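As structure tokens, the structure follows; a few thoughts come after it.
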Amino acid sequence: MSTVREAAFDVLRRRGLDRIFANPGSTEITLLTDLPDDLDFVLALHEGSVVGLATGYATATDRPALVVLHTTAGLGNAVGALATARVNRTPLVVVVGQQDRRHLASRPFLTGDLEGLAGSYPVWTSAPVRPQDVPGAIDRAVHEALTARGPAVVMVPSDDWGAEADPRALPSPALVRRGSLPDEGSVRELAALVAGARSPALVVGADADTPAAWAALVELAERLGVPVRQEAFAARAGFPQDHPLFAGHLPPERAALRSALAGHDLLLVVGAPVFRQYQFSPGELVEPGTTIALVSDDAEDVHHSRADLAVLADPAATVSALTAALPSLPTPREGNPRATGATEGSPHAAGSGPLDAPTVFVELARRLPADAVVVEETPSSRPDLHRLVPARAPLGFLSAAQGGLGFGVPASIGVKLGAPDRPVVAVVGDGSTLYGVQALWTAAHYRIGVLVLVMDNGRYAIMDRLATEAGGKAPWPGFGEVDVATLATGLGCEARRVGTVAELGALLDDVVPGLPGRREPLVVVCSLR
């Protein structure tokens, strides 16, 4: 007899889900005990870290990752991280354990009210009616996660895994081909807008972070000779940020946004919403007379964006088709070149000088190779990081587009697990670190060689600044008593503290060259106090 569990494992193998990220409980024992040798198990000590690891891994491998969560407590703890995965458009297959089906009606201990617990953040949710429907639901969850680019959730009672399987109960297609090539009419409309514009500009976002999209956007930008701006709060970089035509990141406030984009009569936005904001301010997004055209394969972004023309299609294919359709143009328009911030001098050049965020970023940028992956979660100094540490290769920058904390540390570990030959550096605030610190144990236990730079100022600097801007006094204290280095050591990670430019430079000189093959995590606490 083949069991539902065995049939589900066959689905996982067929779909390439060979690594399970989990913090399991009793409702998952029947699934995970005596796991087959060809399925790897990765333990994290909190569900937020579990999902963060899986999100980083799926991003690095460009395929879905499998998460197993423990009933209400596990799913509830993971909701914030699932929201980040949804906004980051990361495909995850999430299996959530439930109490034994045979006495669910009696509401036994650990019964989960699971449906709806994660709100609208899952792209698809299933509670199979029969045990025999579980493998098919997991199979469909793979398709749903890939198509809608987010977490697909399947809830499974603990006794279902041992039930006899039904080989006919797999309704999902064996193969799904996804295509979103633009139609010729849409391309002609875009080409007419671009050709007729007096002063166009490009705006790029996370959904343009592929080698094909980068190449297509570079070709178009150079053909037109126009500046390229990065969307505010993008989870990934949509253009090489050391390119002469890269003009920096857009501000997340309307007045500043209008000022930054003033003078452009056409904005071609590729792989980004129009336009992501932070705190509310009145007024329009752009000056009157500015036309906005949007190209994205994210229907959600398209449907809530303010655009005069939106093309729902693959960004790389659409931009390539647009470039080919453009008529012969006169001499390329004068662009807006800028030197990369990575070449700037250190604000504190003296070796014994104190550390601040720009100094740390300058020292890091001087040493990072072009293929490095920087995972960011340092809200108070993010603008400095963007300015000083450019993304120079696809997947060169990764962040949480949703904005919740706890992503940076686990996601960087997941990225390194999925792309072991690339140098991976997490740049995180000390407060941000505390939201995902449990993931450091996973890095230490599984020997995942990520470098974590902790910007340690002993306070919630971004909140302090917002309180000052609001004209009031913050009621919350600092937390200078917290010693992140000690926490990291207690979780099995090597940790060092640096307080001067010379100390940081010497450490980076020693560590950065070996990051591609590094097997042990290292936490470096940069004292900014």
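Keep in mind it's a predicted model, so treat the numbers as computed, not measured.
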Item checked: Note, V67 side chain near V95 side chain (heavy atom, < 4.5 Å) -> no

Item checked: All salt bridge (charged side-chain N to carboxylate O under 4.0 Å, His left out) counterparts of E300, not counting sequence neighbours -> R86

Notebook entry, point to check: Is there a donor-acceptor pair under 3.5 Å between the side chain of T55 and the backbone N or O of V51?
Noted result: yes

Check: Is a donor on one side and an acceptor on the other found under 3.5 Å between the side chain of R188 and the backbone of L322?
Finding: no

Checklist line | Distance (rounded to the nearest 0.5 Å) between Q438 CD and L45 CG | finding: 7.0 Å

Notebook entry, point to check: Ignoring hydrogens and geometry, is there a side-chain-to-backbone donor-acceptor pair from E222 to E219 under 3.5 Å?
Noted result: no

Next item on the list: Work out which heavy atom in A208 is nearest to a heavy atom in L217; give both atom names and the distance.
Entry: CB-CD1, 3.8 Å

Next item on the list: Hey, could you give me each pair passing side chain to side chain donor-acceptor pair (under 3.5 Å) that has a residue in residues 87-98? Not counting sequence neighbours.
Entry: R89-D207, R89-D297, R89-D298

Note to self: With a 3.5 Å distance limit and no angle check, can you tell me whether E377 reaches the backbone of V409 through a side-chain donor-acceptor pair?
What the structure shows: no

Margin query: When you measure from the side chain of Q402 to the backbone of V87, do you find a donor-acceptor pair of N or O atoms at a distance under 3.5 Å?
Written below: no

Note to self: Among residues at least two apart in sequence or on other chains, which ones pass salt bridge (charged side-chain N to carboxylate O under 4.0 Å, His left out) with D62?
What the structure shows: none

Notebook entry, point to check: Of all heavy-atom pairs between A81 and G52, which one has the smallest distance, and what is that distance?
Noted result: CB-N, 4.4 Å

Next item on the list: Go through I20 and V42 one step at a time and tell me if the side chain to side chain contact (heavy atoms under 4.5 Å, CB included) criterion holds.
Entry: CA-CA 6 Å; I20 301 172; V42 178; over 6 Å; no

Checklist line | Which residues share a side chain to side chain donor-acceptor pair (under 3.5 Å) with R14, sequence neighbours left out | finding: none

Notebook entry, point to check: Do L261 and T290 come within less than 4.5 Å of each other through their side chains, counting heavy atoms only?
Noted result: no

Margin query: Quick check: do L326 and L220 have side-chain heavy atoms less than 4.5 Å from each other?
Written below: yes

Notebook entry, point to check: Is any side-chain heavy atom of L39 less than 4.5 Å from a side-chain heavy atom of R19?
Noted result: no

Check: With no hydrogens and no angle check, is any side-chain donor or acceptor of D100 less than 3.5 Å from a backbone partner on S158?
Finding: no

Check: Looking at side-chain heavy atoms only, is the closest gap between L491 and C493 below 4.5 Å?
Finding: no

Next item on the list: Give a yes or no answer on whether the side chain of S305 reaches the backbone of V274 with a donor-acceptor pair at less than 3.5 Å.
Entry: yes

Checklist line | R229 (side chain) donor-acceptor with G248 (main chain) under 3.5 angstrom | finding: yes

Note to self: Give me each pair satisfying side chain to side chain donor-acceptor pair (under 3.5 Å) with a member in residues 115-129, each pair once, sequence neighbours excluded.
What the structure shows: none

Checklist line | H103: partners by ring pair (Phe, Tyr, Trp, His ring centres under 6.0 Å), with sequence neighbours left out | finding: none

Next item on the list: Under the salt bridge (charged side-chain N to carboxylate O under 4.0 Å, His left out) rule, what do D113 and R107 come out as? Steps first, then yes or no, please.
Entry: CA-CA 10 Å; D113 289 330; R107 307 289 292 171; 3.0 Å; yes

Note to self: My understanding is that only residues two or more places apart in sequence, or in another chain, count here; which of them pass side chain to side chain donor-acceptor pair (under 3.5 Å) with T27?
What the structure shows: H70

Notebook entry, point to check: Can the ring centres of H386 and F397 be said to be less than 6.0 Å apart?
Noted result: yes

Next item on the list: Kindly write out the residues that satisfy side chain to side chain donor-acceptor pair (under 3.5 Å) with N77, not counting sequence neighbours, or none if the list is empty.
Entry: E47

Next item on the list: State, yes or no, whether a side-chain contact exists between W214 and P240 at a heavy-atom distance under 4.5 Å.
Entry: yes

Item checked: Considering all heavy atoms, the nearest L202-A221 contact -> CD1-CB, 3.9 Å

Notebook entry, point to check: Got a sec, which pairs hit ring pair (Phe, Tyr, Trp, His ring centres under 6.0 Å) with one end in residues 9-50, sequence neighbours left out?
Noted result: F21-Y57

Item checked: Residue list, salt bridge (charged side-chain N to carboxylate O under 4.0 Å, His left out) with E520, at least two apart or on another chain -> R447

Next item on the list: Please round to the nearest 0.5 Å and tell me the distance separating atom CZ of F407 and atom CD of E376.
Entry: 9.5 Å

Item checked: Any residue meeting salt bridge (charged side-chain N to carboxylate O under 4.0 Å, His left out) with D314, in chain and number order, not counting sequence neighbours -> none

Item checked: Gap between atom CG of L453 and atom OG of S412 - 0.5 Å precision -> 10.5 Å

Item checked: Under the ring pair (Phe, Tyr, Trp, His ring centres under 6.0 Å) test, residues paired with F275 that sit two or more places apart -> none

Note to self: On a heavy-atom basis, which atom in A78 and which in L69 lie closest, and how many Å separate them?
What the structure shows: CB-CD1, 3.7 Å

Next item on the list: Would you please classify the geometry between the H445 ring and the W441 ring as parallel, tilted or perpendicular, with 30° and 60° separating the classes?
Entry: parallel

Note to self: Is it the case that over 12 heavy atoms from other parts of the model lie below 6.0 angstrom from the OH atom of Y435?
What the structure shows: no

Notebook entry, point to check: Atom CG of L193 and atom CG of L268: how far apart are they, to the nearest 0.5 Å?
Noted result: 9.0 Å

Checklist line | P516 backbone acceptor or donor facing K416 side chain under 3.5 Å | finding: yes

Next item on the list: Rounded to the nearest 0.5 Å, what's the gap from CZ on R15 to CG on L146? Could you check?
Entry: 9.0 Å

Check: Looking only at atom types and distance, does a side-chain atom of R63 sit under 3.5 Å from a main-chain N or O of G16, one as donor and one as acceptor?
Finding: yes

Item checked: Check ion pair R276-D301 (N to O, under 4.0 angstrom) -> no

Item checked: Side-chain heavy-atom pair P24, L43 within 4.5 angstrom cut-off -> yes

Note to self: So that I can tick it off, tell me whether R140 and E144 are bridged by a salt bridge, with the cut-off set at under 4.0 angstrom between side-chain N and carboxylate O.
What the structure shows: yes

Notebook entry, point to check: Can you tell if the side chain of D159 reaches within under 4.5 Å of the side chain of T30, non-hydrogen atoms only?
Noted result: no

Check: Rounded to the nearest 0.5 Å, what separation is found between the OG1 atom of T71 and the CZ atom of F109?
Finding: 10.0 Å

